[in-house]
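Whatever order the structure lists ligands and atoms in, that order sets their numbers, starting from 1. Keep in mind that what you see is a predicted model, and the values were worked out from it rather than measured.
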Amino acid sequence: MPCCVNIVKSMVSGMEKILFKGIMPALPTPVDSSEKLKKGVIEQLMDFDYAGGVNGFYVCGATGEGPALPVKTRMETLEAVIAHNNGRGKIIAHIGGPNFTDVKKLIAHAEKSGADAVSSMAPNAYYSHKNSEVVNYYKKIASLTSLPVVIYVTPLLLGNDLTKVFEELMSVDNIIGLKFTLKDYYLMSMLKMINSGNINIINGPDEMLLAGLAMGADGGIGSTYNVMPHRYVALYNAFIAGDIQKARQIQYDINKVVSVLIKNDNCFAAVKATLTLFGIDMGSTVFPGAKFSKQDMQKLKHDLQTAGLEI
Ligand code: MN9
């Protein structure tokens, strides 16, 4: 009987699309004041995250400030990450940005460099596109690469009927799913039912990871994973083992720390500052992101320690 069920399931859903599972930090990009990649720092961060048990990385997304960086720096960052990764986990290259000529270059570069997938935010950051335009945008990206494509769903896509959009997009072989950075978990469940569940959904909001897993996410990608990778890995493992009490307690402990990080207007700046406190010198966010002063750093350290983070 189980064998028949499997045959029917594969006929309905086609090729396997759930390629990314577990905990994948979104890497911040350590750049100097001329927006060049600082040598050796992202490697140090990757080793720290791998020591916490993570499954791979998301590169040059929102956390990595990809759309704000020069294309050359984005390419150098991806190359440095893939070289240092050395097959230890999976690498998703975020290639989205406001200019499609740059996007095309980044897609070709990601494929040539050996990324495991490409991912893009919405077509632009200024206004909402119609469903048909969004569908055309992601189909075009998929046609330009043989890599799997992970759609980056943020509030920029909130004007769209996302279940309709994904029903259409999931028929494209190499469109595998989405990174879901919304807090509407009813919508997540509706998306997870598309393509008979053969859709890779990766949770975005770190403070809601357990909710995302419960509603069908296969894993998570997040900025604050870098600050406490082992805790997110423990949460994921507890969920997989069915120990919801434990997973919930870890999520609550995590959220004490996240609440400190998001108190800062720019959470990514706070993540970079926290990593700098750990001795991983990430620098500040790109212009016009302000530097943390000595006092800011001291206050951040104090608040994080009070929230239970060891520094
Ligand atoms: O999806 C990140 N969200 C955004 C990933 O980039 C908007 C999260 O990791 C958040 O930074 C985190 C804090 O709110 O959940």
- Within a reach of under 6.0 Å around NZ of K140, are more than 12 heavy atoms found that belong to other residues, nucleotides or ligands? no
- At a 4.0 Å threshold, what atoms of ligand 1 neighbour a non-hydrogen atom of I262? 13 (C), 14 (O)
- Task: Could you tell me the residue and atom name of the protein heavy atom closest to atom 6 (O) of ligand 1, and the distance to it rounded to 0.1 Å?
- Result: F268 CZ, 3.3 Å
- Query: How are the rings of F278 and F48 set to each other: parallel, tilted or perpendicular (split at 30° and 60°)?
  - Reply: tilted
- Query: In ligand 1, which numbered atoms sit nearer than 4.0 Å to a non-hydrogen atom of P205?
  - Reply: 15 (O)
- Separation between CD1 of I176 and CE of M15, rounded to the nearest 0.5 Å: 9.0 Å
- Kindly confirm or rule out an N or O of T224 lying under 3.5 angstrom from an N or O of ligand 1. no
- With a 4.0 Å cut-off, would you call R231 and D253 a salt bridge? no
- Note on the structure: shortest atom 2 (C) of ligand 1-to-protein heavy-atom contact is with G204 O, 4.2 Å
- Message: Out of all atoms in ligand 1, which are within 4.0 Å of some heavy atom of K179? Include the element for each.
- Response: 1 (O), 5 (C)
- Check each atom of ligand 1 against the heavy atoms of T181 and keep those under 4.0 Å away; list them by number with element. 1 (O), 3 (N), 4 (C), 5 (C), 7 (C)
- Item | Geometric class of the H94/Y58 ring pair [parallel <30°, tilted 30-60°, perpendicular >60°] | tilted
- Would you check whether T63 has a nitrogen or oxygen atom less than 3.5 angstrom from a nitrogen or oxygen atom of ligand 1? no
- Item | Pairing of K164 and E168 as salt bridge, 4.0 angstrom limit | no
- Using a heavy-atom cut-off of under 4.0 Å, does the side chain or the backbone of Y58 touch ligand 1, or both, or neither? neither
- Which option, I221, T154, D206, owns the non-hydrogen atom nearest atom 9 (O) of ligand 1? D206
- Item | Short N-O contact, D47 and R88, less than 4.0 angstrom | yes
- Could you label the plane-to-plane angle of the Y185 and F180 rings as parallel, tilted or perpendicular, counting under 30° as parallel and over 60° as perpendicular? tilted
- Note on the structure: If we number the atoms of ligand 1 from 1 as shown, the ones under 4.0 Å from a heavy atom of S223 are 8 (C), 9 (O), 10 (C), 11 (O), 12 (C)
- Message: Is the distance between the ring centroids of Y138 and Y152 under 6.0 Å?
- Response: no
- Item | Interfacing atoms of ligand 1 (cut-off 4.0 Å, heavy-atom, A62) | 6 (O)
- Would you please determine whether Y152 falls within less than 4.0 Å of ligand 1 on a heavy-atom basis? yes
- Message: Which of the numbered atoms in ligand 1 are under 4.0 angstrom from any heavy atom belonging to E207?
- Response: 12 (C), 13 (C), 14 (O), 15 (O)
- Go through the side-chain N and O atoms of N200 and D218 and say whether any donor and acceptor fall under 3.5 Å apart. yes
- For G222, the ligand 1 atoms whose distance to one of its heavy atoms is below 4.0 Å: 9 (O)
